[in-house]
Amino acid sequence: MQFLNDLNPYQKEAVTTTEGPLLVLAGAGSGKTKVITYRLIYLLKKLHIPAKRILAVTFTNKAANEMRERIKALTGNIKDLSISTFHAFGVHFLKEEIKVLGYMPKFSIYSDKDTLELLHSILIDLKLDAEKYPPRLMAYLISKAKNKLLFPEQAGLEDPVFRDIYRLYQEQLRVLNAVDFDDLIFLPVKILQSHSEIQQKWSQRFQYIMVDEYQDTNHSQYILIRLLSQFHNNICVVGDDDQSIYAFRGADFHNILSFEKHFKKDDPVKIITLKINYRSTPIILEAAYALISHNSKRHAKSVETFLKDGEKINLFETMEAREEAEIIADEIFNGRIEGKVPYHDHAVLCRTNTQMRTFEEVFRQKNIPYRLIGGFSFFDRKEVKDLIAYLKLIYNPLDNLSFLRIVNFPKRGIGDTTLEKFKNFAFAHDLSFLGAVDSLAHKTDSDLSKPLIHKFELFKELIEKYEKRFQESKVSEVLVEFFQEIELEKEFERIYKDEAPFRIKVIGDFIDYAKNYESYAKKNDELANLEGFLKNMSLLNQDTKDDDEETNHKVPIMTIHASKGLEFHTVFIPGFEEGNIPHDRSIKEGPAGIEEERRLAYVAMTRAKKRLFISHVSMRKIFGTETERIPSKFLKEIPKHLVADRDEKTEDEHLADLKKMFA
DNA sequence: GTCCCCAAGCCTCGC
DNA sequence: GCTTGGGGAC
Ligand SMILES: Nc1ncnc2c1ncn2[C@@H]1O[C@H](COP(=O)(O)OP(=O)(O)OP(=O)(O)O)[C@@H](O)[C@H]1O
């Protein structure tokens, strides 16, 4: 076992302790992910455990892909190995087991935008005021209930109206044969809890289970893991409570702090701490720990640094965001020329997506190659959503929401009144919308004219034709054919007029995405088909990075949330202002909100290996209006001697500046 | 049935 | 500031 020599004794112990519950609780950069990866290899290569007996859960799809690649490189084979996010695992599980709940295996996954639409229609059905029961709030409450594994009856104890909304929402989803994101965890748990034979099957299957970033799991995810590990009880989780930054999604770092209590059964729980940080310079680390030690609710850790020396943290302020981005662009340029640090070993970590746009513009102008990670989803664009609705309906004919989106796109002369009559007809006969089309001709109670009925029939034929085509040929090829058939470009020209060329380009991007998906599937020994494509889009699990080397030499621009688990030679954290980090919305939430923001800052800082730049602006545009900004209070929590403030000026210089300003 | 205009809210973070 | 979609005009 040559490869074990890459590990320190504590890491080695974590890797070779395979039986019983194991918790690795350790700070940033201490090699937790490395432990998980090596542990997988150890199980496969040394103990010869069949791949299908192991489940590894990562936080993001990117992390899953990276781990898969490393395992593939080291063992040559990744077939049958389950490395996925909780949600991707949920999809996998439900494909096999969702029948017991009365759903079909070909279910749709609704994004939160879709669920808002659904909630909107439910409020209308229940004749409720959307002002009094805002769909956003309802969606949030339903999500919270599902995280806590509560059904409508249990969640709506105080508020019967909410109970009814939640109940109807869940019923509608089932009729549409669709699930929301929370269902991907909630439903598997409910199935495992109520069907002991299924629970036995799955918990016997997974002899070893590992979870990375355990501090960001929520209650339902913890229960899911407990149910799956019940039989063998070989469960290993790693994490760092200081890096819990997904509370808004229900994550609760008490899961990791209570791991021992949760999992001790006959076997004792082993806890291993890793103290050595291999990533960052002592200066960066001292600053990050000084900051995080201001949090009251945390498990204190001691750290030692492996690296020596290093330069101070660079701090600077600019008037506005553009200038901030320009200075960063120049630093990256210099870093590459003078420091020989390649583009992709720099990273810009933003608090919000909106910040990213400025960097995109400035980098483009200054010819700095960049790539945006995450951010505004391509799939949220209206024109793309329409295209996806077609695919969803083709895949899942029960998906009425998608049907409504596209039955008159491109315009085929089916208007609101016609549609209203059609819907009533379908409801009266208890049919799905697509299913109702066939009955129109035989039944007399639809109140629709012959030509109108024919329009519906043509639409259904189109859907059915492509259902077949997608089974026969490659997704990307069928897409091209399909877009031609519905004369999409023509429609875009009609709707978008001058903007059409730009929108038409989006069609091309969509097809490129499909091609990318196909090569991604191939790389992972997966079958590329419509089902996989839809899943891939719903879970956003494509690495935006494609294979050509070009892309690997670009500066990533992303949010701090997306940077979790990554590391870079040089890190820039722009927008270090009060109101941005900590964000206004979090400040409003009180102390817990601020502590979460402090963890965010800690995560961002600890991504840096050698150089760290922190910057803030004095004016920032918020919803179009310029507002004055002051430096983040977190800045005061970083010891001054670790920081090189470029703007540190003498009194005289300040005076001179002021004079200049008013001259 | 379709087009077009204007009020209103927006994305903090994302599987 | 900009998108979006509801509601009225054609
Ligand atoms: N024993 C070791 N010797 C040398 N380098 C190591 C060792 N262990 C880990 N590293 C390196 O330290 C870096 C951080 O490791 P890793 O990403 O696994 O840490 P982590 O604890 O998961 O970090 P984080 O919690 O911040 O995501 C990696 O570059 C890794 O290769």
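Letters A, B, ... mirror the listed sequences (proteins, then strands); counts begin at 1.
For A/Tyr169, the ring-ring contact (aromatic ring centres under 6.0 Å, His included) criterion is met by no residue, not counting sequence neighbours.
Between A/Met356 atom CE and B/dC13 atom P the separation is 9 Å, expressed in whole Å. Put simply, CG on A/Asp112 is 14 Å from P on B/dC10, counting in whole angstrom units. One interatomic measurement links the two molecules: CD1 of A/Ile373 to P of B/dG14, which rounds to 12 Å at whole-angstrom precision. Taking atom NZ of residue A/Lys455 and atom P of nucleotide B/dT2, one finds them 8 Å apart after rounding to whole Å. Atom OH of A/Tyr110 is separated from atom P of B/dC15 by 21 Å (rounded to the nearest Å). Rounded to an integer number of Å, the gap from A/Asn65 CG to B/dC15 C1' is 14 Å. Computed from coordinates, the A/Phe248 CZ to B/dT12 P distance equals 11 Å when rounded to whole Å. Whole-Å rounding puts the A/Phe181 CZ to B/dC15 C1' distance at 5 Å.
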Could you list the protein-to-nucleotides 1-4 of chain C atom pairs, N/O on both sides, closer than 3.5 Å?
unit_1: C/dG1; atom_1: N7; unit_2: A/Phe623; atom_2: O; d: 3.3

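At a cut-off of 3.5 Å, with distance as the only test, no side-chain donor of A/Asp216 or A/Gln221 sits close to an acceptor on the other residue.
Residue A/Ser586 places no side-chain N or O under 4.0 Å from the OP1 or OP2 atom of B/dC13. A close approach under 4.0 Å does occur between a side-chain nitrogen or oxygen of A/Asn353 and OP1 or OP2 of B/dG14. One finds no side-chain N or O of A/Asn61 lying less than 4.0 angstrom from the OP1 or OP2 phosphate oxygen of B/dG14. The phosphate of B/dG14 (OP1 or OP2) has no side-chain N or O of A/Thr60 nearer than 4.0 angstrom.
One finds no salt bridge joining A/Glu628 and A/Arg620 here, because no Lys/Arg side-chain nitrogen approaches an Asp/Glu carboxylate oxygen to under 4.0 Å. The existence of a salt bridge linking A/Glu493 and A/Lys490 is excluded, since no basic side-chain nitrogen approaches an acidic carboxylate oxygen closer than 4.0 Å. Using a 4.0 Å cut-off between charged side-chain N and carboxylate O, A/Asp242 and A/Lys297 make no salt bridge. Comment: A/Lys32 does not engage A/Glu213 in a salt bridge, judged by the lack of any side-chain N to carboxylate O separation of less than 4.0 angstrom.
Taking for each of A/Arg136 and A/Asp182 the nucleotide of DNA chain B with the nearest heavy atom, the 5'-most of the two is the partner of A/Arg136. Along DNA chain B, the nucleotide nearest A/Asn408 and the nucleotide nearest A/His87 are compared for position; the residue whose nucleotide lies closer to the 5' end is A/Asn408.
In this structure, A/Glu589 reaches the bases: a heavy-atom distance under 4.0 Å links it to at least one base atom across the strands shown.
The aromatic ring of A/Tyr246 does not stack onto the base of B/dC13, failing the criterion of a centre distance under 5.5 Å from the six-membered base ring together with planes under 30° apart. Ring-base stacking between A/His583 and B/dT12 is satisfied, the centre separation being under 5.5 Å and the plane angle under 30°.
Centroid-to-centroid, the aromatic rings of A/Tyr110 and A/Phe181 stay 6.0 Å apart or farther.
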